[in-house]
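This report refers to the structure that appears directly beneath it.
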Amino acid sequence: MPSKRLLSGMQPTGGAGLHIGNLEGALRQWVRLQDEYEMYCCIVDWHALTTMYDNTEAIAPKAREVAAEYIAGGLDPQKCAIFLQSHVKEHAELHLLLSMVTPLGWLERVPTFKEKRDMLDERGGGDESVSYGLLGYPVLQAADILAYRAHAVPVGKDQAAHLELSREIARRFNRLYGEVFPEPQAVINEMTAVVPGLDGRKMSKSLGNAIYLSDDADTVAKKVMSAFTTPTKIKKTDPGVPENCVVCQLRRLYDPENYSLAWEECRSGARGCVQSKRELIEILNAELEPIRRRRKELLDDLAQLEEILRQGAERARATAADTMTAVRQAMKLR
Ligand code: TYM
């Protein structure tokens, strides 16, 4: 059994499960690391409540979709514990204890808090839609990680600030009560740290700019045809700027061997955006088709999926319970 531990998680929110930003930014790294680490892959359904508190019935089915997508994307449930956060109550206990040692000012400064507060505001919720839980979001995330005394946390770049806060909370706890937690390291792949969405902003469930693992081939084709390219490349012969073009960026990601020729032709005006889009559609669909098929098979056998989640939670609980014994001891709680 590998001695170093890894934990990561994704939220079961948004319209349609995971998108290719989640896949390339995070999940691919988990898959790559599953032989090296003792792995805990969480579906953070309690975190989803921070924005879906008024639509809770959508969370459980979405969580099953995400579980299927973890496995379809290459995670092996024999090697890693795949589980729901809400099935392992130790996360809640640790969240509460950590909340006592987390200064309020640290949380108010987190950029994602301000973004989410504004988003909820735009939805028309007013002041009462911004909960105590939303402010505490990064404390719950720290609890997810520290419950496993994880060394590594593979994530996309948007999670860097949360990870930094988890490290600070771990340090503060260790200083107050003695060394219980290793400082968790973010593992970020520079090439896929920020996968762009169809409109050039970061691909995100809440921006309507994502390609989902659940999208069929026609949907992927339609979405790619609508993607932003170089705004000044109107005719085929106009020079493109691949560095600023979503289609070219995704081409590099999905075709690392051959992309440079396509980029050259785009720059020199030897090819137009429509050709680039058509080729990208082929490449993307070839890559996504086996994931789609496996995802569907898994969702067609929900009983098996529930069993995987049950076993995953059991393994996770054993490790988290050990940590909680150490935490209570360090805090002199008896
Ligand atoms: P979430 O659900 O927003 O995203 C899941 C993972 O996907 C990455 N990601 C991206 N990477 C590259 N490009 C993109 N466009 C892109 N969009 C998303 C995210 O960085 C993340 O790694 N707070 C977390 C969930 C969480 C968690 C944890 C993560 C809760 N507890 C403990 C790690 C450890 C979140 O909202 O991720």
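Predicted model only: the values in this text are computed from it and were never measured.
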Inset, instruction - Could you tell me the separation between the SG atom of Cys80 and the CG atom of Leu7, rounded to the nearest 0.5 Å? - result: 11.0 Å
Inset, instruction - I would like to know whether Arg172 and Glu168 meet salt bridge (charged side-chain N to carboxylate O under 4.0 Å, His left out); could you show each step before the answer? - result: CA-CA 6 Å; Arg172 186 135 205 261; Glu168 282 180 61; over 6 Å; no
Legend entry - Enclosure of Lys157 NZ (heavy-atom neighbours >12, cutoff 6.0 Å): no
Inset, instruction - State, without any angle test, whether Thr219 and Asp216 hold a side-chain donor-acceptor pair at a distance under 3.5 Å. - result: yes
Inset, instruction - Mark yes or no for whether Thr192, through its side chain, and Glu24, through its backbone, hold a donor-acceptor pair below 3.5 Å. - result: yes
Inset, instruction - Determine whether Thr232 and Val241 make a side-chain contact, defined as any pair of heavy atoms from C-beta on separated by less than 4.5 Å. - result: no
Legend entry - Between CG on residue Leu84 and CD on residue Glu306, distance to nearest 0.5 Å: 8.5 Å
Inset, instruction - Group every Ile, Leu, Val, Met, Phe, Trp and Tyr by side-chain heavy-atom contacts under 4.5 Å, then state whether Ile291 and Ile283 land in the same group. - result: yes
Legend entry - Inter- and intrachain pairs under salt bridge (Lys or Arg N to Asp or Glu O under 4.0 Å), touching residues 183-211, at least two apart: Asp158-Lys202, Arg167-Glu183, Arg171-Glu183, Asp199-Arg201
Inset, instruction - Mark yes or no for whether Arg294, through its side chain, and Ile71, through its backbone, hold a donor-acceptor pair below 3.5 Å. - result: no
Inset, instruction - State plainly whether the residues Glu282 and Arg278 are in salt-bridge range, i.e. N to O under 4.0 Å. - result: no
Inset, instruction - Would you mind reporting whether Thr323 and Glu90 have side-chain heavy atoms less than 4.5 Å apart? - result: no
Legend entry - Chi angles and distances behind the side chain to side chain contact (heavy atoms under 4.5 Å, CB included) call for Lys89, Glu93: CA-CA 7 Å; Lys89 311 292 185 220; Glu93 184 186 358; over 6 Å; no
Inset, instruction - Using a 4.5 Å cut-off on heavy atoms from C-beta on, say whether the side chain of His151 contacts that of Leu6. - result: no
Inset, instruction - Mark yes when over 12 heavy atoms from residues, nucleotides or ligands other than Tyr177 sit less than 6.0 Å from its OH; otherwise mark no. - result: yes
Legend entry - Under-4.0 Å salt bridge between Glu265 and Lys236: no
Inset, instruction - Over all heavy atoms of both residues, which pair between Ile145 and Pro184 is shortest? Give the atoms and the distance, please. - result: CG2-CB, 3.6 Å
Inset, instruction - Might you work through the side chain to side chain contact (heavy atoms under 4.5 Å, CB included) test for Met10 and Leu27, ending with a clear yes or no? - result: CA-CA 9 Å; Met10 304 208 193; Leu27 186 55; 4.0 Å; yes
Inset, instruction - Kindly say whether Ser8 contributes a backbone atom to a donor-acceptor pair with the side chain of Asp144 at under 3.5 angstrom? - result: no
Legend entry - Same apolar cluster: Trp30 and Val66, side chain cutoff 4.5 Å: yes
Inset, instruction - Determine yes or no for a side-chain-to-main-chain donor-acceptor pair under 3.5 angstrom, with Arg292 supplying the side chain and Asp215 the backbone. - result: yes
Legend entry - Side-chain ion pair, Arg267 and Glu243, N-O less than 4.0 Å: yes
Legend entry - Under 3.5 Å side-chain donor-acceptor pair for Tyr259 and Glu257: no
Inset, instruction - Would you confirm whether Thr13, through its side chain, and Ala48, through its main-chain N or O, come within 3.5 Å as a donor-acceptor pair? - result: no
Inset, instruction - Could you give me the CA-CA distance, side-chain angles and deciding distance for Gln85 and Ile43, then say whether side chain to side chain contact (heavy atoms under 4.5 Å, CB included) is met? - result: CA-CA 6 Å; Gln85 186 184 37; Ile43 297 148; over 6 Å; no
Inset, instruction - Using only heavy-atom distances, determine whether the side chains of Arg251 and Ser276 contain a donor-acceptor pair under 3.5 Å. - result: no
Legend entry - Ring centroid separation Phe113 to Tyr137 under 6.0 Å: no
Inset, instruction - Find the distance between CG (Leu333) and CE (Met324) and round it off to the nearest 0.5 Å. - result: 8.5 Å
Inset, instruction - Measure the shortest side-chain to side-chain distance between Gln159 and Gln141 over non-hydrogen atoms and say whether it is less than 4.5 angstrom. - result: yes
Legend entry - Contact check, side chains of Leu146 and Val180, non-hydrogen atoms, under 4.5 Å: no
Inset, instruction - Could you tell me how the ring of Tyr148 sits relative to the ring of Phe83: parallel (under 30°), tilted (30 to 60°) or perpendicular (over 60°)? - result: tilted
Inset, instruction - Check the pair Met225 / Ile281 against side chain to side chain contact (heavy atoms under 4.5 Å, CB included), numbers first and verdict last. - result: CA-CA 8 Å; Met225 290 315 285; Ile281 290 166; 3.7 Å; yes
Legend entry - Exercise: identify the closest heavy-atom pair between Leu198 and Ala210: CD1-O, 4.4 Å
Inset, instruction - Working to the nearest 0.5 Å, report the span between OH of Tyr254 and CG of Leu280. - result: 9.0 Å
Legend entry - Contact check, side chains of Arg271 and Glu279, non-hydrogen atoms, under 4.5 Å: yes
Inset, instruction - State whether the side chain of Thr50 and the backbone N or O of Gly133 hold a donor-acceptor pair below 3.5 Å, judged by distance alone. - result: no
Inset, instruction - First locate atom CD of Gln78, then atom CD1 of Ile82, and finally report the distance between them rounded to the nearest 0.5 Å. - result: 10.0 Å
Inset, instruction - Mind checking the CZ-CD spacing from Phe173 to Glu179? Nearest 0.5 Å is all I need. - result: 10.5 Å
Inset, instruction - Give a yes or no answer on whether the side chain of Lys233 reaches the backbone of Asp238 with a donor-acceptor pair at less than 3.5 Å. - result: yes
Legend entry - Ser204-Ser206 side chain donor-acceptor pair, cut-off 3.5 Å: yes
Legend entry - Sidechain-backbone polar pair: Gln34 side chain, Gly74 backbone, donor-acceptor under 3.5 Å: yes
Inset, instruction - Heavy atoms only: give me the nearest Asp45-Pro12 pair and the separation to one decimal. - result: CA-CG, 3.8 Å
Inset, instruction - Flag the pair Asp300 and Lys296 as a salt bridge only when some basic side-chain nitrogen lies within less than 4.0 angstrom of an acidic carboxylate oxygen. - result: yes
Inset, instruction - Please report the closest heavy-atom contact between Leu75 and Val31, naming both atoms and the distance. - result: N-CG2, 3.8 Å
Legend entry - Least distance between heavy atoms, Pro196 atom then Gln249 atom: CG-CB, 4.0 Å
Legend entry - ILVMFWY network linking Val194 to Leu18, side-chain heavy atoms under 4.5 angstrom: no
Inset, instruction - Could you check if a side-chain atom of Glu65 sits within less than 4.5 angstrom of a side-chain atom of Leu299, using non-hydrogen atoms only? - result: yes
Legend entry - ILVMFWY network linking Leu104 to Tyr132, side-chain heavy atoms under 4.5 angstrom: no
Inset, instruction - Determine, using the 4.5 Å side-chain heavy-atom cutoff (strictly less than), whether Val44 and Met39 are members of one ILVMFWY cluster. - result: no
Legend entry - Student check: side-chain heavy atoms of Ile188 and Val155 closer than 4.5 Å: yes
Inset, instruction - Return each pair, listed once, that meets side chain to side chain donor-acceptor pair (under 3.5 Å) where at least one residue sits in residues 68-77; pairs must be two or more places apart or across chains. - result: Glu69-Arg295
Inset, instruction - Compute whether any side-chain donor of one residue and acceptor of the other, for His47 and Gln11, lie under 3.5 angstrom apart. - result: no
Inset, instruction - Indicate yes or no for a side-chain donor-acceptor contact from Gln304 to the backbone of Leu298 under 3.5 Å, with no hydrogens or angles considered. - result: no
Inset, instruction - Please name the pair of heavy atoms, one in Val187 and one in Ala152, separated by the smallest distance, quoted to 0.1 Å. - result: CG2-CB, 3.9 Å
Inset, instruction - For the pair Lys277 (side chain) and Ala227 (backbone), establish whether a donor and an acceptor sit closer than 3.5 Å, ignoring hydrogens and angles. - result: yes
